[in-house]
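Just so we're on the same page: letters track the sequence lines, and every chain starts at 1.
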There are 2 protein chains.
Amino acid sequence: MSTRPAVTLAQRKRQLVSDELSEAALQLLALKGFDGVTIDEIAVAAGVSKRTFFRYFASKEDVVVQFLSGMGEAMRAELAARPAGEPPSVALRHTVQVPVAECADRSDHAERALRVVRLILRTPALRARFLERQAQWRDDLATELGRRLPPGPDTDLWAHLAAGMTLTAFDTVLRRWSDSDGTEDPTTLTDRAFTLLAPALDSGQPSV
Amino acid sequence: MSTRPAVTLAQRKRQLVSDELSEAALQLLALKGFDGVTIDEIAVAAGVSKRTFFRYFASKEDVVVQFLSGMGEAMRAELAARPAGEPPSVALRHTVQVPVAECADRSDHAERALRVVRLILRTPALRARFLERQAQWRDDLATELGRRLPPGPDTDLWAHLAAGMTLTAFDTVLRRWSDSDGTEDPTTLTDRAFTLLAPALDSGQPSV
DNA sequence: TGCCGTATTGACACTTGGTGTCATGGAGGG
DNA sequence: CCCTCCATGACACCAAGTGTCAATACGGCA
């Protein structure tokens, strides 16, 4: 066959185990709550040993949070791709819409996302990890925003605040979406949020 | 003697143990890092058993985070005390200045605060707990803001976003203060941040 | 003064999260 | 056919928390 497959069999096997673990964990956690499930249970359910679990995930929180891992990079990439002349409020709104759209579309994937988000928001340990991850995204967005601006004394401060407002909007939308059990449309919610934020995002830029 | 002292001897003893524990923990954690200190060490240093430690603090993180526990309530109270007619940006700026002022004043208390904040910001587990606590404060500020506004369809959304912006400003100021080793003045930093946020805080209120 | 209910504590055992180490076994390459 | 690499499981181990129980000290009361 192909002498040099783009993805080796070992890699696919690894992915398979990871998926199995993820699946088992989400199933059990949603069913019995975060503290009601031990890692041994998850590992056994996935047909591996506890030690192997920790070769795929750094912690119990990690299984859940890694489910949303792509969002940060997706947002950063979207922001980087927005045209330079675009007003910040528009660029950032589109940035947030990227992960939000994943929740908005009506598919089994979206339904699973709702379950995960609900689990995160109502479990303090998970919520804490999620916020930590958000803080990381905030820094990434801030540096990306810094690239779009002429350097000035308040540029860095403004970038961090703007990134913070953006993530605040994201977090708020996510919570309302979760609390409403997915009935509220996160896309229009995001638009409304950015209407409120726009004055600061667009006119608040430092005047040297 | 007084037949019914306002604070009993038992209560004072409890406070004493708590202080001793806090002191020992902060000392050791700042010295050897969060993961470099076991709870046994802290307990022994304070002259109690590990079991007693957990009767005063829920977790290792809790010792540190509880050090800042007053801030949330102080902010909520300050916001509640601001005059009703005051523009949101002014009221919220003063709200943030309350905890910031504790860092700004040049005293041994402020120096200790700097050590604690630095420890929190550079320790992922502590940072996560701190963000969790901030999320709580955000909800509190949001409900307090809701009281100042006429009820409308976007009032709740606006309140959460405004509270989020406020806490973002707080977090950003804290980080710059910590990164600059306390040389940057957090008070003026806060003022600058709210100058940037004011357009959204004051004009962004929902029109029905 | 002597007794009793209550709160604090230390000791101990136990569960669970998380890590280091090693031996095994299977897949693929020469 | 052998050799190397990598994933895995088994095991021991540490540290975070928690439940339980006995001892002790405090405060009220007769």
Among the candidates [options], find the nucleotide nearest to the side-chain atoms of [X].
X     : options                : value
A:R51 : C:dG10, C:dG18, C:dG20 : C:dG20
A:T52 : D:dG9, C:dG18, D:dG17  : D:dG9
A:V17 : D:dT8, C:dG18, D:dT18  : D:dT8

(request) Would you check if the side chain of A:S69 reaches a backbone N or O of A:V65 as a donor-acceptor pair within less than 3.5 Å? (result)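 Looks like no, no N/O pair under 3.5 Å.
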
(message) Given 3.5 Å as the limit, does a donor-acceptor pair link the side chain of B:S180 with the main chain of B:R176, or not?
(response)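 Yes; judged by distance alone, with no hydrogens or angles, the pair exists.
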
Can a side chain N or O of [X] be found less than 4.0 Å away from OP1 or OP2 on [N]?
X     : N      : result
B:R55 : C:dT8  : no
A:Y56 : D:dA7  : no
B:S49 : C:dA11 : no
A:T38 : C:dT16 : no

Interatomic distance where [atom1] belongs to [X] and [atom2] belongs to [N] [whole Å]:
X     : N      : atom1 : atom2 : result
B:L28 : D:dA15 : CG    : P     : 14 Å
A:K13 : D:dC5  : NZ    : C1'   : 12 Å
A:F54 : D:dC11 : CZ    : P     : 18 Å
A:D62 : C:dG18 : CG    : P     : 9 Å
B:K60 : D:dC14 : NZ    : C1'   : 12 Å
B:R14 : D:dC26 : CZ    : C1'   : 15 Å
A:I42 : C:dG17 : CD1   : P     : 8 Å
A:D35 : C:dT15 : CG    : C1'   : 13 Å

(request) Could you label the plane-to-plane angle of the B:F130 and B:W137 rings as parallel, tilted or perpendicular, counting under 30° as parallel and over 60° as perpendicular? (result)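 Ring orientation of B:F130 relative to B:W137: perpendicular.
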
(message) Tell me whether A:R14 forms a cation-pi arrangement with A:Y56, defined as NZ or CZ under 6.0 Å from the six-membered ring centre and within 45 degrees of its axis.
(response)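 Ring-cation test returns yes.
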
(request) Record whether the side chain of B:K50 comes under 3.5 Å of the base of D:dG17 through a donor-acceptor pair of N or O atoms. (result)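 Yes, a donor-acceptor pair under 3.5 Å.
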
(message) I'd like to know whether A:D62 forms a salt bridge (charged side-chain N to carboxylate O under 4.0 Å, His left out) with A:R129, so could you lay out the CA-CA distance, the side-chain angles of the two residues, the decisive distance to 0.1 Å, and finally the verdict.
(response) CA-CA 8 Å; A:D62 201 39; A:R129 292 288 167 183; over 6 Å; no

